[in-house]
Amino acid sequence: MKKALCLCFCLVFMASLYADSDVYVIKNARILTVTSGTLERGMIFIQDGKIERVGQQLDIPMNDVRVIDAEGMWVTPGLIDSHSHLGLGPSGGITEDNEMSDPCTPHLRIIDSIHPEGMEPHKDSFKDAVAQGVTTIIARPGSGNVIGGQSAALKLFGKTVDEMILVFPADMKMAMGRKGYYASKGQLPITKMGTAYVVRKAMMDAADYRDTVLLYEKTKGKKPDTPPPKRDLKNESMLKVLNGEMPVHIHASAVDDIMTAVRLADEFNFYKLSLAHAEESYKVADELAKRDIVVVVGPMMIIFDDEGNLINIADYLVKNGVEVNIMTDADVVQQEFLRFQACIAVKYGMDPLEALKAITINPAKLIGMEARIGSLEPGKDADLVLFDGDPFDIQSSVRKVFINGHIVYDSENK
């Protein structure tokens with residue numbers, strides 16, 4: 001009898017836990033999985049913050065499960081912006097993403113500048129972003145410096161930046177082109193040549209520092225009194241780039257700056273290079289494709305070439321074998337408009353699936369998180385968005401947003 005009562009109590013207790021946890025079934029939805037096609041009237045089972053199952057007709061007990069009837073809705077993965085300055089100040093205003101005292105600051109960490117509640121005049125920027133389906137961003141230093149510092153991938157869920165961190169460091173942010181601030185001070189770099197030199201010198205300094213450390217390690221066994229080399233945060237940070245431990249993300253717009261970035265990547269064997277903006281990348285798409293260089297397009301999506309022909313940058317690159325991400329560069333375009341950036345590309349001819357990849361799975365791959373986010377697959381984090389129509393119809397609205405299996409936005413309960 002005691003065993004029976006104990007078993008009964010355990011079953012009731014487990015059922016209670018199950019009911020109180022974030023366990024959901026979304027049914028009757030049009031599910032854009034991104035990696036495994038589209039499911040009509042599909043179902044998603046969410047438990048313990050993860051996507052447990054995705055399918056057409058899932059055999060799931062509906063007791064103690066929160067059921068969302070998504071009749072007429074479209075479901076996508078949570079949207080990912082791979083180049084943002086969210087929480088770092090308004091574009092054109094005082095920002096926290098450029099430490100202008102030195103053109104080379106690889107040792108700086110963007111997580112030390114982010115205001116997780118947003119900044120004036122866009123105080124609700126984090127909430128607004130989530131309300132439009134943005135669940136993850138890569139927050140980056142600005143481009144005032146040549147080497148700006150270390151980026152971070154953040155989920156937009158949590159009270160502090162530390163709670164939000166998904167990947168840190170995500171990559172090393174660099175920027176080609178002339179640096180007007182330093183030119184105005186008569187300080188190197190004044191020219192584009194000077195900008196490239198700053199990168200080369202930083203890489204060579206890191207190599208010298210590595211040699212010093214290796215020599216110390218080699219000799220300390222024979223000479224225990226040998227003093228260790230002085231710690232150097234700049235060189236330690238650049239060593240991660242030199243050793244292929246940290247990807248590199250380079251701001252470059254004009255074709256000459258793009259090719260300088262490519263040249264530096266070839267010289268120093270950069271790991272997983274991505275380019276930001278790269279408006280003239282269409283001119284050298286073949287060079288980028290053969291090197292597997294990712295281009296993060298935006299905020300400018302459409303340009304005209306030298307003959308006056310309209311170029312849909314993201315679409316052109318994809319059709320020429322270049323992997324593309326789409327970004328806002330928030331607050332240049334405010335963070336909540338990431339989907340609308342992709343809508344522009346679709347309006348001018350980009351395949352909707354490729355545009356969706358550019359704001360989901362491709363950014364996930366860029367930060368090495370494709371096993372956790374970016375598509376709707378079993379085992380992945382339950383980051384997803386429910387739209388009341390086609391996500392690439394600007395009249396469609398976000399109805400619900402999940403991050404880590406929690407509803408973080410509900411249009412019916414704002």
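Residues passing the salt bridge (Lys or Arg N to Asp or Glu O under 4.0 Å) test with D232, sequence neighbours excluded: none. When the ring pair (Phe, Tyr, Trp, His ring centres under 6.0 Å) test is applied to F270, no partner is found at least two apart in sequence or on another chain. Checked against side-chain contact (heavy atoms from CB on, under 4.5 Å), N320 has the following partners two or more places apart in sequence or in another chain: A285, Y316.
For residues 68-77, the side chain to side chain donor-acceptor pair (under 3.5 Å) pairs, not counting sequence neighbours, are N28-D69, R41-E71. Sequence neighbours left out, the pairs with a member in residues 271-281 that pass salt bridge (Lys or Arg N to Asp or Glu O under 4.0 Å) are E280-K283. Applying the ring pair (Phe, Tyr, Trp, His ring centres under 6.0 Å) rule to pairs touching residues 339-381 yields F337-F340, sequence neighbours excluded. Listed by first and then second residue, the side chain to side chain donor-acceptor pair (under 3.5 Å) pairs that reach into residues 291-303 are D266-R291, E287-R291, sequence neighbours excluded. Applying the ring pair (Phe, Tyr, Trp, His ring centres under 6.0 Å) test to residues at least two apart or on different chains, none of the pairs has a partner in residues 287-315. Sorted by first then second residue, the ring pair (Phe, Tyr, Trp, His ring centres under 6.0 Å) pairs that include residues 349-399, not counting sequence neighbours, number zero. Sorted by first then second residue, the ring pair (Phe, Tyr, Trp, His ring centres under 6.0 Å) pairs that include residues 133-178, not counting sequence neighbours, are F157-H406.
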If you look only at distance, which donor and acceptor atoms sit under 3.5 Å apart when one is on a side chain in residues 78-90 and the other is two or more places apart or in another chain?
residue : atom : partner : partner atom : Å
D81     : OD1  : H83     : N            : 3.0
D81     : OD2  : T328    : N            : 3.2
D81     : OD2  : T328    : OG1          : 2.6
D81     : OD2  : Q335    : NE2          : 2.7
S82     : OG   : N325    : OD1          : 3.0
H83     : ND1  : H249    : NE2          : 2.9
H83     : NE2  : H85     : NE2          : 3.4
H83     : NE2  : D329    : OD1          : 3.2
S84     : OG   : L86     : N            : 3.0
S84     : OG   : Q335    : OE1          : 2.5
H85     : ND1  : D97     : OD2          : 3.1
H85     : ND1  : R140    : O            : 2.8
H85     : NE2  : D329    : OD1          : 3.0

Side-chain donor-acceptor pairs under 3.5 Å in residues 352-362, sequence neighbours left out?
residue : atom : partner : partner atom : Å
T360    : OG1  : L356    : O            : 2.6
N362    : ND2  : V324    : O            : 2.9

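Comment: K290 does not engage D286 in a salt bridge, judged by the lack of any side-chain N to carboxylate O separation of less than 4.0 angstrom.
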Stepwise side-chain hydrogen bond (donor to acceptor under 3.5 Å, both in side chains) check, T195 with K179: CA-CA 8 Å; T195 295; K179 301 299 165 195; 5.7 Å; no
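Under 3.5 Å, the side chains of Y209 and E236 contain a donor-acceptor pair of N or O atoms. Checked by atom type, the side-chain pair Y182/N145 shows a donor-acceptor distance below 3.5 Å.
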